[in-house]
Amino acid sequence: MSDIKSVLEEVTARYQQETEFVQAVNEVLRSVEVVARRDPDLAKFGIFDRIVEPERTIIFSVPWMDDEGDIHVNRGYRVQFNGAIGPYKGGLRFHPSVNLGIVKFLGFEQIFKNSLTGLPLGGGKGGSDFNPKGKSDTEIMRFCQSFILELSRYIGEDTDIPAGDIGVGAREIGFMYGMYRKIRGNFKGVITGKGISYNGSLVRTEATGYGLCYFMEEAIQDLKRKSFEGAKVTISGSGNVAIYAAEKAKEMGATVVAMSDSNGVIYHEKGIDVETIKSIKEVERERIKHYLSIHKDAEYVDGSDRIWDLACDIALPCATQNELGVQSALKLIGNGCYAVGAGANMPCTPEAITIFHQEGVIFGPGKAANAGGVAVSGLEMTQNALHYPWSFKRVDATLRKIMSRIYKSSKTAAWEYSDTQNLVDGANIAGFLKVASAMKAQGIAH
Ligand code: NDP
């Protein structure tokens with residue numbers, strides 16, 4: 001039964017090591033202070049104490065054998081953060097940087113993102129500190145099978161539905177789904193992002209990147225009377241989100257001049273060839289530098305953050321958390337950037353976001369701008385339940401409608417509660433209101 005200030009103090013002191021989680025909680029709770037002032041019942045019902053505490057945290061070992069017969073053990077996580085508005089839903093991340101703090105931050109963000117989609121989905125997230133880079137397909141398969149063997153005890157189509165994230169794409173989802181199906185002996189849509197040949201949804205692969213462009217196009221037209229048409233765009237990362245953001249930005253008439261990976265940046269003045277990136281990243285699994293062997297007129301620089309030194313109208317950080325700090329924000333603004341859309345989760349530091357707001361740069365926060373992925377995952381669940389697949393056109397049109405609704409509800413909440421166009425506050429407030437109302441209505445088991 002605490003107010004926001006005491007919850008923030010408690011979280012900051014108790015979870016000092018979980019810096020990303022503390023950062024995410026700070027952002028959301030500061031945004032909803034104004035809601036708390038208007039509705040004292042929220043503190044009375046312990047909503048703030050309860051919303052920062054995962055309902056369930058599962059940590060498990062993942063033993064697997066490499067191609068030489070050597071045994072390795074990684075750590076697996078699943079945080080079932082908040083199920084007030086629906087079954088837990090959120091991706092799995094395989095990356096050496098994964099730890100409990102990272103999974104908690106992602107799971108916490110997911111609560112509000114899922115609420116914003118308007119679909120009945122609670123928030124969760126999971127993953128492992130396993131590094132898929134450099135592993136053979138058979139090693140990846142053995143790891144995925146061992147991971148899902150344990151995780152399968154805790155998930156189900158009405159309880160918790162994982163999907164992909166960094167390091168977990170079509171290949172990994174396929175291996176996990178195949179093993180899950182064997183363990184359970186049934187064909188349920190318990191993981192989303194499945195292949196089209198086995199009950200996946202059209203547009204799921206493209207959804208986060210496309211959705212990001214739909215959201216930003218609406219924001220840019222509404223707040224700046226500008227558009228992707230004719231704009232120069234830079235996109236960090238070259239994974240699932242980045243590739244399909246590039247494809248859609250191009251389709252909307254923009255020129256994507258730069259993309260990156262964790263090693264460096266490619267710059268192609270006449271516009272990056274997205275099909276080449278797809279082939280390098282999705283088929284060959286090569287470094288982005290390889291682009292130069294195909295496009296001789298492109299340039300490469302070492303260092304992933306160098307992408308923010310380049311002039312652009314619209315910047316789309318689509319790689320990872322806190323990849324864009326103050327210096328990069330100042331560079332972007334100095335070079336004329338007027339809009340930044342977060343394809344990744346929490347890619348900009350709080351200080352960078354403050355600068356964007358001060359300088360009138362439109363900032364689309366991740367939990368709103370990248371919600372297209374989970375939205376189409378929700379549509380995949382619907383199609384699985386109906387046993388009937390929808391056309392590309394139908395899913396894409398629904399995605400666009402959802403992104404437009406998310407933009408409008410974020411803008412309206414910002415306006416109603418803080419008299420600003422601050423989409424960070426707006427998204428946090430709009431996402432929070434539904435979850436808090438469900439938590440209040442459902443009471444407390446005691
Ligand atoms: P992928 O694994 O497909 O791609 C990740 C990209 O980011 C790669 O280019 C990778 O480069 C780069 N990257 C990863 N870590 C770092 C780092 N520490 N520094 C610089 N670059 C890095 O992941 P996704 O595209 O799926 O996810 C990207 C972001 O989008 C994440 O924040 C994720 O949480 C978020 N997101 C993803 C959704 C989805 O549907 N996939 C939905 C909503 C959000 P390299 O290959 O060199 O590691």
Six-ring centre of Tyr214, Lys248 cation under 6.0 angstrom, axis tolerance 45°: no

Geometric cation-pi criterion, Lys226 with Tyr338: 6.0 Å, 45°: yes

From CA spacing to verdict: ring-ring contact (aromatic ring centres under 6.0 Å, His included), Phe94, Phe143: CA-CA 10 Å; Phe94 293 168; Phe143 176 82; 5.1 Å; yes

Short side-chain to backbone donor-acceptor contact, Thr12 and Leu8, under 3.5 Å: yes

Neighbour count above 12 (heavy atom, 6.0 Å) for Arg306 CZ: no

Check: Ala414 main-chain N/O paired with Ser418 side-chain donor or acceptor under 3.5 Å: yes

Gln221 versus Ser227, side-chain donor and acceptor atoms under 3.5 Å: no

Any donor-acceptor N or O pair under 3.5 Å, side chains Glu55, Tyr88: yes

Evaluation steps, salt bridge (Lys or Arg N to Asp or Glu O under 4.0 Å), between Glu247 and Lys278: CA-CA 10 Å; Glu247 184 169 280; Lys278 275 190 197 173; 2.5 Å; yes

Atom CD of Gln442: over 12 foreign heavy atoms under 6.0 Å: yes

Spacing of Lys281 atom NZ and Met259 atom CE [to the nearest 0.5 Å]: 9.0 Å

Flag for Asp3-Ser6: side-chain donor and acceptor within less than 3.5 Å: yes

Sidechain-backbone polar pair: Asn199 side chain, Gly189 backbone, donor-acceptor under 3.5 Å: no

Heavy-atom donor-acceptor pair, Asp49 side chain to Val52 backbone, under 3.5 Å: no

Trace of the side chain to side chain contact (heavy atoms under 4.5 Å, CB included) decision for Ile288 with Ile277: CA-CA 7 Å; Ile288 205 164; Ile277 300 285; 4.1 Å; yes

Full working for side chain to side chain contact (heavy atoms under 4.5 Å, CB included) between Val265 and Leu310: CA-CA 10 Å; Val265 180; Leu310 300 167; 4.2 Å; yes

Check: Ala413 main-chain N/O paired with Glu416 side-chain donor or acceptor under 3.5 Å: no

Expected output: side-chain Ser238 to main-chain Ser260 donor-acceptor under 3.5 Å: yes

Donor-acceptor side-chain pairing of Asn370 and Lys113 below 3.5 angstrom: yes

Salt-bridge present (Glu218, Lys411; N to O < 4.0 Å): no

Test side chain to side chain donor-acceptor pair (under 3.5 Å) applied to Arg93 and Asn345, Asp129, Asp165, the passing residue: Asp165

Test item: Asp396 side-chain N/O and Phe392 main-chain N/O as donor-acceptor pair under 3.5 Å: no

Backbone N/O of Trp415 and side chain of Gln421: donor-acceptor pair under 3.5 Å: no

Salt bridge (Lys or Arg N to Asp or Glu O under 4.0 Å) evaluation trace for Lys104 with Glu53: CA-CA 9 Å; Lys104 278 175 69 182; Glu53 199 57 40; 5.7 Å; no

Test log, rule salt bridge (Lys or Arg N to Asp or Glu O under 4.0 Å), inputs Asp160 and Arg56: CA-CA 11 Å; Asp160 184 355; Arg56 201 165 298 100; over 6 Å; no

N/O donor-acceptor pair under 3.5 Å between Asn99 side chain and Ile102 backbone: yes

Positive for ring-ring contact (aromatic ring centres under 6.0 Å, His included) with Phe81, one of Phe105, Phe108, Phe112: Phe108

Lys NZ or Arg CZ of Arg75 over Phe60 ring: under 6.0 Å, within 45°: no

Straight-line distance of Leu433 CG to Ser115 OG, nearest 0.5 Å: 8.0 Å

Chi angles and distances behind the side-chain hydrogen bond (donor to acceptor under 3.5 Å, both in side chains) call for Asp222, Tyr407: CA-CA 10 Å; Asp222 185 35; Tyr407 172 67; 2.7 Å; yes

Between His268 and Tyr291, ring centroids under 6.0 Å: yes

From CA spacing to verdict: salt bridge (Lys or Arg N to Asp or Glu O under 4.0 Å), Asp313, Lys232: CA-CA 5 Å; Asp313 302 302; Lys232 196 188 268 191; over 6 Å; no

Residue pair Leu379, Arg204: steps toward the side chain to side chain contact (heavy atoms under 4.5 Å, CB included) verdict: CA-CA 9 Å; Leu379 303 181; Arg204 178 58 189 90; over 6 Å; no

Side-chain donor-acceptor contact under 3.5 Å, Ser236 with Glu323: yes

Lys188 side chain to Asn384 side chain, donor-acceptor N/O pair below 3.5 angstrom: no

Modelled atom types, side-chain donor and acceptor of Lys89 and Thr192, under 3.5 Å: yes

Check: Gln23/Asn322 side-chain N/O donor and acceptor closer than 3.5 Å: yes

Donor on one side chain, acceptor on other, Lys289 and Asn263, under 3.5 Å: no

Phe45 backbone acceptor or donor facing Arg50 side chain under 3.5 Å: yes

Parallel, tilted or perpendicular: rings of Phe356 and Phe363 (30°, 60°): parallel

